[in-house]
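Everything below concerns the one structure shown next.
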Amino acid sequence: MILVTFIRGSADELGEETVTTVALKDVTKVFPDGTIAVDKINLDVNDGEFMVLLGPSGCGKSTVLRMVAGLEDPSSGAVLLDGELANDLPPRDRKIAMVFQDFALYPHMTVGDNIAFPLRLAGVEPSPRGERVADVASALGIGDVLGRKPSQLSGGQRQRVAMGRAIVRRPGLFLMDEPLSNLDSGLRAELRAEISGLTRELGVSTIYVTHDQAEALTMADRVAIMRKGVLQDVGTPTQVYGRPATLYVAAFLGSPRMNLLEASVYVHLDRYVALNIGEQALYLPWTDIRSRAVAHYHGERIVVGMRAEALTPVGPDTPGDVLRGRIRYLEHHGHESLAFLDIGATAIVVDEMGSQAESTDGGQRGRRRFGQVMQRLTGRGGEAEATPDETVRGNRTSVLSDPGRHHRRPAELAVRLAPYPAVSAGHPLSISVRMDALHFFDERGDRIDVGWR
Ligand SMILES: Nc1ncnc2c1ncn2[C@@H]1O[C@H](COP(=O)(O)OP(=O)(O)OP(=O)(O)O)[C@@H](O)[C@H]1O
Ligand SMILES: [Mg+2]
């Protein structure tokens with residue numbers, strides 16, 4: 001991890017104005033072929049803020065970034081830079097630095113010349129230019145390779161050079177489009193910390209694009225989660241993780257995935273709200289303020305979300321809020337083991353989770369795909385139940401009624417255990433449920449809540 005030292009000089013000395021805030025107002029991008037890449041997005045990036053745009057491949061993240069940079073024109077809506085309408089401002093007049101996934105460097109130039117290039121274009125004199133390049137390079141830990149060509153660098157070093165070239169003019173706004181996706185996971189983690197440290201040290205506003213939820217949660221001041229061009233939720237990592245606005249966001253964030261169980265609601269006035277999950281039930285006491293919101297769904301099905309941290313294995317005779325089941329299979333992750341329990345319930349599976357699903361949910365996904373293939377072959381199973389109506393509420397497409405985007409299947413409740421526990425498949429387990437940590441969603445995929453932020 002590098003220590004970011006003071007980088008001499010500021011943009012003002014170079015006679016440059018810099019952009020520090022961004023506001024997107026109802027910004028839509030429809031490509032000529034009719035693709036709606038971005039759908040009425042509203043988003044503010046504050047001065048000095050590190051905003052992460054998160055979502056699966058194709059959800060419109062790069063298009064948003066390119067509209068901020070001026071590389072793409074919005075079809076409608078307004079892009080404001082420092083409060084001024086910038087829709088017609090050419091990219092070179094936006095004073096924004098951008099780092100792309102492939103961070104193309106000039107191969108024939110040395111590292112030093114690559115970093116100095118934007119300063120040369122800006123007409124900065126050789127002496128202050130050299131000083132600034134040296135400062136930036138040492139801040140990025142590449143001070144000793146200034147004389148090398150890009151081909152003589154490692155991937156991580158090349159990425160640092162690209163960063164150096166972007167920050168050397170001290171932009172007010174930094175746009176980064178999956179800048180780490182070409183690197184191996186160790187280097188990613190290291191550079192992740194460096195990038196967020198560096199941008200904070202410089203006080204530069206940043207929009208950082210990634211499809212990696214772990215990266216988003218570790219780096220961001222605030223995260224904006226997109227799905228199919230639509231903004232689903234914006235908030236601090238604690239807010240979007242702790243109180244996800246939609247079922248989609250709940251399913252996207254966290255590892256292991258949040259358990260999403262179908263429950264039917266039954267109200268016993270003044271006593272409790274029963275959440276019937278398969279043959280079992282959990283009871284939300286009437287004194288719990290959330291019971292009033294959930295009570296509106298009396299006689300209906302909702303989705304109850306429970307993260308692994310809300311679930312604790314307990315002894316078989318433990319009373320209270322307990323779900324019982326049998327272990328279907330175990331996954332060992334070294335520092336912990338995950339048990340997947342058959343509790344006789346139905347799970348809601350939200351699709352379009354992107355590639356991260358493969359890494360965080362490998363076993364389940366494989367099994368699910370196998371199940372789907374078997375179902376197609378045998379015509380049995382009935383887990384995939386697409387609801388026909390495509391309801392749109394506000395700016396959000398319904399998750400549950402979005403055809404083909406969700407399905408139901410037998411639940412495999414993910415529960416954390418100590419590493420390599422002395423249990424195996426078929427073993428019965430009782431799981432205590434922290435009722436205050438439950439999430440509730442309606443059939444449209446919207447959060448059911450009181451005092452919703
Ligand atoms: N020039 C274009 N013409 C038509 N459709 C486009 C064009 N550029 C992008 N799209 C489409 O717009 C949607 C959003 O694309 P975008 O590149 O913004 O996604 P993304 O979230 O950055 O994805 P990824 O994570 O794969 O980079 C996609 O469906 C894409 O196919
Ligand atoms: Mg992209």
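Throughout, numbering of the chain's residues begins at 1 and tracks the sequence. Ligands are counted one by one from 1 in listed order, and the atoms in each one are counted from 1 as well. Heavy atoms only: backbone and side chains are in, while hydrogens, waters and symmetry mates are out.
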Can you tell me which residue and heavy atom of the protein come closest to atom 12 (O) of ligand 1, and the distance to 0.1 Å?
A37 CB, 3.3 Å
Tell me whether R290 is salt-bridged to D449, with the criterion being a basic N under 4.0 Å from an acidic carboxylate O.
no
Is it the case that T20 and D82 place a side-chain donor and acceptor less than 3.5 Å from each other?
yes
Looking at ligand 1, would E178 count as a contact under a 4.0 Å heavy-atom criterion?
yes
Measure from NZ or CZ of R307 to the centre of the six-membered ring of Y241, then state whether that distance is under 6.0 Å and the direction lies within 45° of the axis.
yes
Short N/O/S contact of S62 with the Mg ion (ligand 2) (below 2.8 Å):
yes
Would you call R120-D113 a salt bridge at under 4.0 Å N-O?
no
heavy-atom search around atom 25 (O) of ligand 1 in the protein gives K61 NZ, 2.8 Å
Identify the protein heavy atom lying closest to atom 26 (O) of ligand 1, giving its residue, its atom name and the separation to 0.1 Å.
S57 OG, 2.5 Å
Assess C59 for proximity to ligand 1: is some non-hydrogen atom of it under 4.0 Å away?
yes
Among all protein heavy atoms, pick the one closest to atom 11 (C) of ligand 1 and tell me residue, atom and distance.
T35 CG2, 3.8 Å
Quick look: V38 vs ligand 1, heavy-atom contacts under 4.0 Å, and the answer is neither
Mark whether atom 30 (C) of ligand 1 lies under 4.0 angstrom from at least one protein heavy atom.
no
Restricting to heavy atoms, the pick from G34, G58, P32, S62 nearest atom 14 (C) of ligand 1 would be G58
Can you tell me the protein heavy atom closest to atom 10 (N) of ligand 1 and the distance?
F31 CE1, 3.4 Å
What protein heavy atom lies closest to atom 18 (O) of ligand 1? Include the residue and the distance to one decimal.
T63 OG1, 2.5 Å
Salt-bridge criterion met for D436 and R434 (N-O under 4.0 Å)
yes
Checking E215 side chain against D212 main chain: does a donor-acceptor pair fall under 3.5 Å?
no
With distance as the sole criterion, is a donor-acceptor pair present between the side chains of E178 and Y208 under 3.5 Å?
no
Test: E443 and R408 ion pair at under 4.0 Å
no
Relative to the heavy atoms of G60, which atoms of ligand 1 are at a distance of less than 4.0 Å?
14 (C), 16 (P), 18 (O), 19 (O), 20 (P), 21 (O)
In terms of the angle between their ring planes, are H333 and H335 parallel, tilted or perpendicular, with boundaries placed at 30° and 60°?
perpendicular
